[in-house]
Amino acid sequence: MPELPEVETIARELQAVMPTSRIIGLEIRLPKMIKLPVNRFRRNVVGATVGRVHRRAKLLLIDISTGQTIIIHLKMSGQLIWRSVTGRLRVGGHPIPGGTEALPNAYSHVIVATNRGTLFFNDQRQFGFVKMIPTASLEHWLEDEGYGPEPLSDEFTLDVFEEILRRHRVKRIKPTLMDQTVIAGIGNIYADEALFYAKIRPTRRIHTLRPDERKNLWKGIRHVMTLAIKYKGTTADAYRTANGQPGGMLPFLRAYGRDGLPCKRCGTIMKKITLAGRGTHYCPGCQQ
DNA sequence: TTCAATGTTTAGAC
DNA sequence: GGTCTAAACATTGA
């Protein structure tokens, strides 16, 4: 499930419980999830102490005491579940059928055991991955990957956004928002939401955006991301219900998944189209 | 049975 | 060279 707010939620939850725990075991049930030689991964991970858990773009980052950072991408259906030794669960990512009571389950591909609890990396569709980079070269690695600015950082000013739009003026706005090298962390849900906020149709060519629309879109991106983090993402806290009900942000979505329903702003029936291969939801009444 | 799913990459067409 | 679409990855469920 995860876009920036969901991964941020997971990072914060894990940061609250994992640091200073010692990794005492590692089970790799599906080796293809680990994008480096499994032996090298194991050698650096087992016996290490967990440092900071943080996030960049949609990547979850776990610093460990061997000077490495574990990088996890959840892609479409990944989830991370922390089960403390007392049995308390913290879940992030896609809800799993049947809830979280039985762990590990058929989708638990990587299991990291520590003295304080166990981290399960589950992924139904197996698109996610685990990498490992020396912490000292993490920034450099991220730069090489080409990620754009964090939308909630001070660096992401209106001027920076305007410059981004100038670089991509012939493209359509929604796929550009979702391009991780343009801005980091915006996915399909929050692209639709930010465009709804700014009353901009997702198919608009960037050069047709007026100054007020560009500013509203910049505000919309930050507003939507901030709100989603506040509510712990759109499904990230599905663990509260055993049957995988969606998370706290869902009632606040105004575009995603609302095709066929009246627009919350103007009442027009919302539409869904396919754009760049992704379901795209908008109001034909007030998004021009 | 067919299609779509919160992501990303790649091949090909224009 | 730039931009766009479809397909691929694997699985499930509507």
Side-chain angles (χ1 to χ4, degrees), chain A residues 1-10 29-33 35 55-60 71-80 91-99 105-109 121-131 142 144-148 166-195 202-207 224-225 227-229 231-239 243-250 252-260 272-281:
Chain A
M1 70 157 299
E3 301 181 33
L4 183 155
E6 289 77 26
V7 182
E8 178 67 22
T9 298
I10 295 166
R29 297 183 164 197
L30 190 60
K32 73 168 184 180
M33 305 294 284
K35 304 300 180 186
R55 178 198 61 77
R56 169 77 167 105
K58 299 173 189 171
L59 299 170
L60 186 89
I71 301 174
I72 299 175
H73 199 309
L74 300 174
K75 289 290 183 85
M76 295 281 272
S77 58
Q79 62 175 191
L80 288 168
V91 180
H94 198 277
I96 39 174
N105 60 33
Y107 312 114
S108 303
H109 306 311
F121 177 23
N122 300 346
D123 190 354
Q124 194 170 71
R125 292 165 73 177
Q126 306 176 18
F127 290 173
F129 63 74
V130 180
K131 296 187 187 192
L142 288 166
D144 282 354
E145 292 290 298
Y147 289 107
R166 277 194 291 276
R167 287 205 310 267
H168 298 277
R169 50 191 168 275
V170 305
K171 295 187 197 166
R172 292 168 308 181
I173 185 60
K174 179 181 169 181
T176 304
L177 290 181
M178 293 176 64
D179 183 340
Q180 300 301 294
T181 70
V182 173
I183 305 166
I186 303 176
N188 200 37
I189 293 178
Y190 301 117
D192 280 0
E193 294 300 313
L195 288 163
T203 48
R204 284 276 292 282
R205 299 280 166 180
I206 289 171
H207 64 80
V224 160
M225 289 293 172
L227 197 67
I229 290 172
Y231 291 106
K232 299 182 187 295
T234 294
T235 59
D237 57 350
Y239 60 90
N243 59 6
Q245 281 184 7
M249 180 63 185
L250 193 68
F252 300 93
L253 295 183
R254 297 196 290 171
Y256 185 83
R258 288 189 48 80
D259 48 300
K272 180 179 179 182
I273 60 171
T274 298
L275 182 57
R278 308 305 303 274
T280 296
H281 315 73

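Quick caveat, the model's predicted, so the values are computed rather than measured. Below, chains carry the letters A, B, ... as their sequence lines are ordered, and counting in each starts from 1.
Listed nucleotides: B/dA5, C/dC4, B/dG7. Nearest to the side chain of A/Y256: B/dA5. Among the nucleotides C/dT3, C/dC4, B/dG7, the one closest to any side-chain atom of A/R172 is C/dC4.
Among residues two or more places apart in sequence or in another chain, the salt bridge (charged side-chain N to carboxylate O under 4.0 Å, His left out) test is passed with A/R204 by A/E213. The side chain to side chain contact (heavy atoms under 4.5 Å, CB included) check on A/R125 picks up A/M76, A/S77, A/D123, A/F127, with sequence neighbours excluded. For A/A184, the side chain to side chain contact (heavy atoms under 4.5 Å, CB included) partners at least two apart in sequence or on another chain are A/R56, A/A57, A/Y147, A/E150. Remark: A/V7 pairs with A/P2, A/R55, A/K58, A/L60 by the side chain to side chain contact (heavy atoms under 4.5 Å, CB included) rule, at least two apart or across chains. The salt bridge (charged side-chain N to carboxylate O under 4.0 Å, His left out) test applied to A/R29 returns A/E27, not counting sequence neighbours. With sequence neighbours excluded, the residues that form a side chain to side chain contact (heavy atoms under 4.5 Å, CB included) with A/K35 are A/F129, A/K131. For A/H168, the side-chain hydrogen bond (donor to acceptor under 3.5 Å, both in side chains) test picks out A/K171, with sequence neighbours left out.
In this entry the distance linking NE2 of A/H281 with C1' of B/dA5 reads 10 Å, nearest Å. For the pair A/N188 CG and B/dT8 P, the computed distance is 11 Å after rounding to whole Å. Counting to the nearest Å, the C1' atom of B/dT10 and the CG atom of A/D179 are 15 Å from each other. A straight line from NE2 of A/H168 to C1' of C/dC4 spans 15 Å, rounded to a whole angstrom. We find that CZ of A/R204 is positioned 19 Å from C1' of C/dT3, with the value rounded to whole Å. Look at NZ on A/K171: it is 15 Å from P on C/dG1, rounded to the nearest Å. Straight-line distance from the NZ atom of A/K131 to the C1' atom of B/dG7: 13 Å, rounded to whole Å. When rounded to the nearest whole Å, the span between CD1 of A/I71 and P of B/dT8 equals 14 Å.
Contact between the side-chain N/O atoms of A/R205 and the OP1/OP2 oxygens of C/dC4 is found at a separation under 4.0 Å. Close to B/dT8, at under 4.0 Å from its OP1 or OP2, lies a side-chain N or O of A/H73.
Comparing C/dG1 with B/dT8, their C1' atoms are spaced 22 Å from each other, to the whole Å.
For A/Q126 (side chain) and A/M33 (main-chain N/O), no donor-acceptor pair under 3.5 Å exists by modelled atom type. With hydrogens and angles ignored, the 3.5 Å screen pairs no side-chain donor or acceptor of A/D192 with any backbone N or O of A/Y256.
A/R278 comes within contact range of at least one nucleobase, with a heavy-atom separation under 4.0 Å. Residue contacts shown for A/G279 are limited to sugar-phosphate atoms, with no base heavy atom under 4.0 Å away.
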Watson-Crick or G-U pairs under 3.5 Å in DNA chain B, rendered as dot-bracket with [ ] for crossing pairs and | for another strand
.||||.||||||||
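Taking for each of A/G277 and A/V170 the nucleotide of DNA chain C with the nearest heavy atom, the 5'-most of the two is the partner of A/V170.
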Between the protein and nucleotides 8-10 of chain C, which nitrogen or oxygen pairs come in under 3.5 angstrom?
residue : atom : partner : partner atom : Å
C/dA10  : OP1  : A/K32   : NZ           : 3.4
C/dA10  : O4'  : A/R125  : O            : 3.0
C/dA10  : O3'  : A/Q126  : NE2          : 3.3
C/dA10  : N1   : A/R125  : NE           : 3.1
C/dA10  : N1   : A/R125  : NH2          : 2.9
C/dA10  : N3   : A/R125  : NE           : 3.4

Starting from the C-alpha separation in whole Å, work towards a yes-or-no answer on side chain to side chain contact (heavy atoms under 4.5 Å, CB included) for A/E145 and A/T181.
CA-CA 8 Å; A/E145 292 290 298; A/T181 70; over 6 Å; no
